[in-house]
Amino acid sequence: MNRIWNSIVGKLWATILLLVSFVLFIVTALLLEFLDNFHTTQAEDSLRREATTIGKIVMDDDDPISMGRIIQDILDDETNAMILNNNGKIVHQFHTGLNTDKIEGKILSDSNFILNVDKDNPVLKEMMLPSLSEDGVLEEYMVIIDSFDKEAELKGSVVIYQSLESVHRTTKRTTHIVFLSAFIAFILTTIFAFFLSTRITSPLRGLRQAAFELSKGNFDTRLPVLQNDEIGQLATAFNQMGKQLKYHVELINQEKEQLSSILTSMTDAVITFNRDSTILLSNPQAEKLLQNWLFKNSTRDELIPPEIVHMLEHVISFAEELEEELELGGKFYMISISPLYSANSIRGAVAVLRDMTEQHQLEKLRSDFIANVSHELRTPISMLQGYSEAIIDGVSTSDEERNEIMQIIHEESKRMGRLVTDLLDLARMESGHMRLYKDDLLIVPFLDRIVNKFMQVARDSNVDLTFEHTVDMELVLHADGDRLEQVFTNLLDNAIRHTPDGGHVTLGVETNKDTVRVTVTDTGVGIPDEDLPYIFERFYKADKARTRGKGGTGLGLAIAKNIIDSHGGTISAIKVEKEGTLFSCILPLKNM
C-alpha cells in the first residue's frame, strides 16, 4: 500500500479521484436540492390543479354517485380529499388508508387554516398528520384547501391532502440513481486514472531504471522513443545525455590516465596537498621519497618533513609560489610549491621535488677534478720550469749535470703526456665515444702473454709474479683485446709497484657458468677499508704519499672500470685477510 501511495500512479489516481469526487459531491448536493424542490413544487401544482378540477366537478355535476366516481378517478393512491360545505362540515370524503378520522379531525381542527380560505387562491399548508399505512406514526402532509361557489355565492371548499412521503420516495429514487451514477463515474474514473497514470508512469519507470543503470556506469543504456509528446522528448534528451556523459567520462578517464602516466613517468616527486596539509595525490617517486624519509626518521611523528610543512603553510597563507633548495635525509632537493585554486579560494597546493643530489655530486666532482688536474699538473710543470730555468741560467757546469737535468725534464714531460692521454681516454669512455673492436679472444694465452711482459719488471722489483689457472686453454672471450690488455696491464703494474721486496703477485683465472673471473692478488700493504669504495674514482689515491713517486696518475683504475663496464662485466677490490689486495674482474663468456 505504501508503495502505491509513494508512486506517481497512486498520487495521480488519488488526485483525479479527489477532484472527481469533489465535483460529484457538489453536483449531487445541488442536484438533490434541486430535485427535492422540483418534486415538491410539482406535487403542489398537481394538488392545486386537482383541487380546482374537483371544485368544478362538484359545481357542475349534481349526481353524487357519478361525481364520486369521477373524483375517485382523479385522485391517485397517495392523495385524499374532502368536500366541505359552507359551514365547514364534511359533505363528501375520498380517503384510502388508515387513520381517516384522526387525519380529518386534525385538519378540521385547525380553524385558522379552514377559515382563511380564499375563493380566488387555494391555501397551502404543510402539516404533521398520522400515517396512512402505520398506526402511531406521524408524517408530513401537504394540505390544500380551495373554495368553489356558484353564482358568486360561496358554496363550499375542497380539501386535498397528500403525504410528502411519496415525494420523499421519489427524491430517494432519484438520489439512488444519482449515487449509482456517481459510483459508476467513480469506477470509470479509477480505470481512466490508472490507464492515464500507467501511460505516463510506464515510460517514467523505464527512465528510472535507465537512470539507475547510468549511475552504475552503464553509459550504453538507451530508452525507446515511442511517443512524440513530452515523455518522448524526455527519452530523447536522456539518450543524448547518456551519449554526452559517456563521451565526457571517457575524456576524463583519458585525461586521468594521461595525467597518471605523466606523474608516474616523471623523475621528479609530485605531491598534491589539501589545505590542512593532508596528501591528496602523489606519484611513486614522491611515495618513495616520503618512505625513505620516514625510515630515516622513524622516531618522529610527522608524515611529511617539517620543512615542507612550513613552506606549504606559507604558500597557502600568502597565496604565492615558493621555491627553495633543502636537504632532506642526506639528499638535496629543489622544492617548488604552488597554490591550487577553486574559484577564488585556495583549496590546496602542489609540490614538485627535484632530486639535486646528483647535480651536487657532479659539481663536487667537477671541482675535485679541476683541483686534482691542477694538482697533478702543478708538480711536473714546476719541475719543468725550474730545471729549464737552471739550464737557461747556466747553473749546470758540466755535461753530466746538464744531461741529468734534461733527463728529469724528459721524464716529467712524459708523465704529463701520460696524464693528458689518460684524461682524454677517460673522457672519451665516459662520453660513450669509445669504440670497442671485439673479436674472439683466447683468454689463457692472452693473459700468459701479459704476465710474460711483466716478468722482467717483477724481477727488477724483487717480486715473484705467477700465473695460476685450471681452465681450458680454448676458453674464448668475445672482447676488445687491446682494451683488456690495458686493464690487466694497469692492475699488474699497480700490484708490482705497491708490493715490497720479496712479495708475491698472482694472476688467476676461473670460470663460473657463463662468466670468467680474472683476479690479481698482491701481498702489499693493502688498501684501507675506508678507501675501497672510492678507488675507482678519478685521481683517488689511497696512499697520497707513495703513488706520485712511482709514476701514477690516479686515473688507471677509473679507466679500467670503464673498460670492464663497456664489456658488460664488473670489477671490484677487496682487502685480503692477512695482507695485500685482491682485484677481481668478471666478464661474460662468448655464447657458443
Side-chain angles (χ1 to χ4, degrees), residues 214-220 244-367 430-432 533-534 537 565 568 570:
L214 204 64
S215 65
K216 296 176 182 178
N218 187 8
F219 300 111
D220 293 326
Q244 291 295 322
L245 189 59
K246 180 180 179 181
Y247 170 75
H248 288 297
V249 169
E250 290 179 350
L251 186 62
I252 291 173
N253 288 334
Q254 291 177 0
E255 293 180 353
K256 184 178 179 180
E257 291 176 359
Q258 183 178 1
L259 179 60
S260 178
S261 300
I262 292 173
L263 289 176
T264 303
S265 60
M266 287 180 63
T267 57
D268 296 339
V270 180
I271 308 174
T272 302
F273 295 96
N274 205 347
R275 284 189 60 91
D276 56 358
S277 300
T278 57
I279 298 176
L280 298 178
L281 179 67
S282 61
N283 63 348
Q285 290 74 11
E287 294 176 0
K288 183 178 179 181
L289 185 152
L290 294 177
Q291 289 176 358
N292 292 336
W293 185 84
L294 287 173
F295 178 76
K296 294 179 180 179
N297 298 272
S298 58
T299 57
R300 307 183 68 164
D301 296 332
E302 298 92 344
L303 299 177
I304 306 172
E307 297 86 351
I308 298 179
V309 175
H310 295 328
M311 293 178 62
L312 184 62
E313 292 175 351
H314 178 86
V315 169
I316 294 177
S317 300
F318 298 97
E320 62 180 12
E321 296 184 4
L322 196 61
E323 185 173 350
E324 290 185 10
E325 184 173 341
L326 297 176
E327 182 181 1
L328 300 175
K331 291 188 176 183
F332 295 91
Y333 293 93
M334 179 60 70
I335 302 177
S336 176
I337 303 181
S338 302
L340 295 176
Y341 292 92
S342 178
N344 295 326
S345 60
I346 296 178
R347 62 179 179 87
V350 59
V352 179
L353 293 84
R354 176 169 298 177
D355 191 351
M356 304 296 291
T357 306
E358 186 175 353
Q359 284 81 346
H360 276 266
Q361 292 176 349
L362 291 176
E363 182 66 25
K364 184 177 184 300
L365 288 175
R366 186 183 67 84
S367 300
E430 292 183 346
S431 63
Y534 309 103
E537 294 182 4
D565 290 343
T570 59

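When a residue number appears, it is its place in the shown sequence, counting from 1.
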Student: What do the steps show when you test V352 against R354 for side chain to side chain contact (heavy atoms under 4.5 Å, CB included), and what is the final call?
Tutor: CA-CA 7 Å; V352 179; R354 176 169 298 177; 5.6 Å; no

Student: Distance-only, no hydrogens or angles: does the S260 side chain make a donor-acceptor pair with backbone N or O of K256 under 3.5 Å?
Tutor: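 Here the side-chain-to-backbone pair does not exist.
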
Student: How many angstroms lie between CE in M356 and CD in E327, if you round to the nearest 0.5 Å?
Tutor: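 Atom-to-atom, M356:CE and E327:CD are 13.5 Å apart.
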
Student: Calculate, to the nearest 0.5 Å, the distance between atoms OG1 and CZ belonging to T357 and F332 respectively.
Tutor: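 The CZ atom of F332 is 7.0 Å from OG1 of T357, to the nearest 0.5 Å.
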
Student: To the closest 0.5 Å, what do you measure between CD (E324) and NE2 (H310)?
Tutor: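 Rounded to the nearest 0.5 Å, the CD-NE2 separation comes to 11.0 Å.
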
Student: Does the side chain of I279 come within less than 4.5 Å of F273's, by heavy atoms?
Tutor: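 Yes - at least one pair of side-chain heavy atoms lies under 4.5 Å apart.
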
Student: Under the criterion side-chain contact (heavy atoms from CB on, under 4.5 Å), which of I308, D268, L290 is the partner of L353?
Tutor: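 Exactly one candidate clears the test, I308.
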
Student: Using every non-hydrogen atom in the two residues, find where I346 and Y341 come nearest and quote the distance to one decimal.
Tutor: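 Residues I346 and Y341, closest heavy atoms: CG1-CE2, 3.6 Å.
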
Student: What's the shortest heavy-atom distance between L312 and S277, and which atoms?
Tutor: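 Closest approach of L312 to S277: CD2-OG, 3.4 Å.
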
Student: If you measure from OG1 on T264 to CD on Q285, what distance do you get to the nearest 0.5 Å?
Tutor: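 It is 7.0 Å, given to the nearest 0.5 Å.
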
Student: More than 12 non-hydrogen atoms from neighbouring residues, nucleotides or ligands closer than 6.0 Å to CD on E320, yes or no?
Tutor: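 Buried by this count: over 12 neighbours within 6.0 Å.
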
Student: So, N274 side chain and D276 main chain: donor-acceptor pair closer than 3.5 Å or not?
Tutor: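 Such a contact is absent between N274 side chain and D276 backbone.
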
Student: Can you tell me how far apart CG (D355) and CE (M334) are? Round to the nearest 0.5 Å.
Tutor: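 One gets 11.5 Å once the value is rounded to the nearest 0.5 Å.
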
Student: Without swapping roles, check the side chain of N283 against the backbone of V270 for a donor-acceptor pair under 3.5 Å.
Tutor: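 At least one qualifying donor-acceptor pair exists.
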
Student: How far apart are the closest heavy atoms of A319 and P339, and which atoms are they?
Tutor: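 A319 and P339 have their closest heavy atoms at C-CG, 4.3 Å.
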
Student: Between the main-chain N or O of I262 and the side-chain N or O of S265, is there a donor-acceptor pair closer than 3.5 Å?
Tutor: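 Looks like yes, one N/O pair under 3.5 Å.
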
Student: Can you measure from CE (M311) to CD (E321) and round to the nearest 0.5 angstrom?
Tutor: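 Rounded to the nearest 0.5 Å, the CE-CD separation comes out at 11.0 Å.
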
